[in-house]
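Side-chain atoms are counted along with the backbone in the values below, which use heavy atoms only and exclude waters and symmetry mates. Since the structure is predicted, the reported quantities are computational estimates derived from the model, not experimental observations.
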Amino acid sequence: MDEVLDLHQEDFDVTVEPGVTRKALNSYLRDTGLWFPVDPGADASLCGMAATSASGTNAVRYGTMRENVLNLEVVLADGSVFHTAGRGRRPRKTSAGYNLTNLFVGSEGTLGILTKATLRLYGIPESMVSAVCSFPSVQAAVDSTVQVLQAGVPIARIEFLDDVMIGACNRFNSLSYPVTPTLFLEFHGSSRSLEEQVSIAEEITRENGGSDFAWAEDEETRARLWKARHDAWYAAQALRPGCKAYSTDVCVPLSRLPQIIVETKEDLVRNNLTGPIAGHVGDGNFHCIMVLDPNDPDEVQRVHEFTDRLARRALAMDGTCTGEHGVGLGKRTLLREELGPQAMEVMQGLKATLDPRNLMNPGKVL
């Protein structure tokens with residue numbers, strides 16, 4: 001089940017079977033002038049991305065899967081098949097009935113099996129420009145992010161690496177970025193609009209103490225600029241050869257991002273843990289890539305306790321215990337704390353109605 005079924009170029013949408021991956025779809029679309037921008041990093045299947053409400057570095061501009069799924073074909077626990085927006089429907093917007101599509105986006109396989117997805121497509125930008133800039137503090141980097149967004153710059157990607165992560169990336173890739181909080185930015189648009197976007201962003205970053213602002217338009221130089229961000233996982237692992245990496249994530253309102261990152265870094269130092277930070281700063285979402293020895297029970301316990309504290313710190317700041325990675329088994333208790341008993345009862349009622357025998361991914365989420 002890995003076919004691209006229906007492409008409507010003039011309507012900017014496509015229907016795919018569950019085996020179609022993100023890269024396979026974009027390869028199929030290569031000569032149409034269209035692309036599907038949601039990029040979680042891995043070459044994931046698109047129905048899997050819908051089931052987990054995946055997002056990634058482009059979400060600040062193009063949204064998550066939740067904003068980019070128009071319709072789903074779903075097989076329910078009793079074997080019946082239905083379409084969440086009606087068979088063959090693919091309007092850009094609707095106010096008809098309950099939003100069943102988004103009920104299944106992010107349901108992590110607990111309500112039904114997704115067998116087709118109709119997705120929103122976008123025109124491939126005429127030009128792309130990437131930039132990197134170093135900052136004296138986390139606060140300065142986040143202030144720049146907020147001001148760039150407030151200025152109406154339609155930024156496509158704005159990624160944050162803390163000093164530990166950028167140092168790891170320097171060593172791993174033989175780079176020479178200043179070992180300070182760093183933003184990686186990407187702009188999409190026409191050549192003329194990009195000049196204005198880059199000019200505004202550069203002015204804002206300089207006003208916030210940003211330095212070493214470098215930007216590039218050709219693909220090779222852009223790839224070199226972004227290499228540190230793309231290899232962050234491997235760079236973090238290389239900090240402790242022979243150890244394993246474990247990533248957690250939370251998401252908070254943008255204004256709380258500096259505080260939670262500073263408190264999290266203090267927590268890491270206090271508990272002698274290795275956890276460089278990378279984040280989708282335009283969304284208030286960040287990851288700690290925990291590097292640990294899985295054969296050290298004490299360290300494993302300290303990492304689990306740290307991740308619980310991190311999630312509860314995010315909840316205390318009006319955020320969520322997971323911006324991207326989902327609930328699964330590990331964050332079920334945190335989900336109850338986040339949503340409260342009434343919301344959990346509603347979710348349990350939906351689960352009982354759609355899957356009364358608890359066949360679909362039993363034990364997960366709820």
Side-chain angles (χ1 to χ4, degrees), residues 22-23 39-44 52 54 56-57 130 132-135 137-138 141 157 159-184 212 214 220-250 260-281 285-311 313-314 322-326 328-331:
R22 175 183 64 85
K23 288 184 179 178
D39 177 7
D43 185 23
T52 55
T57 58
S130 296
V132 62
C133 187
S134 304
F135 291 88
S137 66
V138 175
R157 293 197 278 184
E159 297 287 295
F160 170 83
L161 301 185
D162 76 345
D163 55 334
V164 179
M165 182 64 87
I166 202 74
C169 291
N170 279 345
R171 286 193 290 276
F172 184 74
N173 288 308
S174 300
L175 300 170
S176 57
Y177 290 119
V179 184
T180 62
T182 302
L183 288 182
F184 291 80
D212 301 292
E220 183 179 345
T221 312
R222 283 194 295 111
R224 196 158 58 244
L225 275 183
W226 274 94
K227 188 167 181 56
R229 177 63 185 94
H230 288 318
D231 289 346
W233 175 270
Y234 306 104
Q237 272 194 309
L239 288 172
R240 296 178 63 187
C243 290
K244 299 292 185 181
Y246 163 80
S247 181
T248 187
D249 88 305
V250 295
I260 193 171
I261 289 179
V262 168
E263 290 181 8
T264 298
K265 288 173 69 65
E266 291 171 351
D267 193 346
L268 289 164
V269 171
R270 191 164 53 246
N271 289 280
N272 192 29
L273 294 171
T274 303
I277 292 173
H280 314 309
V281 69
N285 178 211
F286 72 94
H287 308 275
C288 280
I289 302 179
M290 307 304 298
V291 187
L292 70 156
D293 180 357
N295 298 313
D296 181 346
D298 176 66
E299 185 176 17
V300 171
Q301 181 64 26
R302 283 185 287 121
V303 167
H304 282 309
E305 291 171 354
F306 165 80
T307 57
D308 277 349
R309 287 194 301 274
L310 172 60
R313 193 176 295 126
T322 175
E324 291 186 334
H325 294 178
L329 291 171
K331 291 191 174 181

Pairing residues for A54 by the side chain to side chain contact (heavy atoms under 4.5 Å, CB included) criterion, not counting sequence neighbours: P40, M49, T52, M65

Closest non-hydrogen atom pair between L310 and T264, with its separation: CD1-OG1, 3.4 Å

Shortest non-hydrogen contact from G326 to K331? O-CD, 4.1 Å

Please round to the nearest 0.5 Å and tell me the distance separating atom OH of Y246 and atom CG of L292. 9.5 Å

Using the test side chain to side chain donor-acceptor pair (under 3.5 Å), find all partners of N271 that sit at least two apart in sequence or belong to another chain. D267

Once salt bridge (charged side-chain N to carboxylate O under 4.0 Å, His left out) is applied, do any residues pair with K265, and if so which ones, sequence neighbours excluded? D162, D163

Rounded to the nearest 0.5 Å, how far apart are CZ of R157 and CG of L183? 13.5 Å

Just jot down the ring pair (Phe, Tyr, Trp, His ring centres under 6.0 Å) partners of H287, sequence neighbours excluded, or say none. H280, H325

Looking only at heavy atoms, which two atoms of I289 and A236 are closest? And how far apart? CG2-CB, 3.7 Å

Tell me whether D249 contacts the main-chain N or O of G323 through its side chain, where contact means a donor paired with an acceptor under 3.5 Å. yes

Before giving the answer on side chain to side chain contact (heavy atoms under 4.5 Å, CB included), spell out for M290 and L268 the whole-Å C-alpha distance, their side-chain angles and the decisive distance to 0.1 Å. CA-CA 10 Å; M290 307 304 298; L268 289 164; 3.6 Å; yes

Quick check: do M165 and I277 have side-chain heavy atoms less than 4.5 Å from each other? no

Please report the closest heavy-atom contact between P276 and V164, naming both atoms and the distance. CB-CG1, 3.9 Å

Between the main-chain N or O of T180 and the side-chain N or O of T182, is there a donor-acceptor pair closer than 3.5 Å? yes

Are any side-chain N or O atoms of E324 and backbone N or O atoms of G56, one a donor and one an acceptor, separated by less than 3.5 Å? yes

With sequence neighbours left out, the residues meeting ring pair (Phe, Tyr, Trp, His ring centres under 6.0 Å) with Y177 are F184

Applying side chain to side chain contact (heavy atoms under 4.5 Å, CB included), name anything that partners K244, two or more places apart in sequence or on another chain. P294

Quick one: side chain to side chain donor-acceptor pair (under 3.5 Å) partners of E220, sequence neighbours excluded? none

Taking only residues two or more places apart in sequence or in another chain, which ones pass side chain to side chain contact (heavy atoms under 4.5 Å, CB included) with A314? V250, V252, I260

Sequence-distant partners of D298, side chain to side chain donor-acceptor pair (under 3.5 Å), two or more places apart: R302

For residues V291 and C243, report the shortest heavy-atom separation together with the two atoms involved. CG1-CB, 3.9 Å

Between the CZ atom in R313 and the CG atom in D308, the distance rounded to the nearest 0.5 Å is 11.0 Å

Please name all residues satisfying side chain to side chain contact (heavy atoms under 4.5 Å, CB included) with N295, sequence neighbours left out, ordered by chain then number. D293

Applying ring pair (Phe, Tyr, Trp, His ring centres under 6.0 Å) to H230 and not counting sequence neighbours gives W226

Considering residues at least two apart in sequence or located in another chain, which fulfil the side chain to side chain donor-acceptor pair (under 3.5 Å) criterion with R240? E299

Does F172 reach the side chain of Y234, with side-chain heavy atoms less than 4.5 Å apart? yes

For L239 and A168, the nearest pair of non-hydrogen atoms, with its separation, is CD2-CB, 3.7 Å

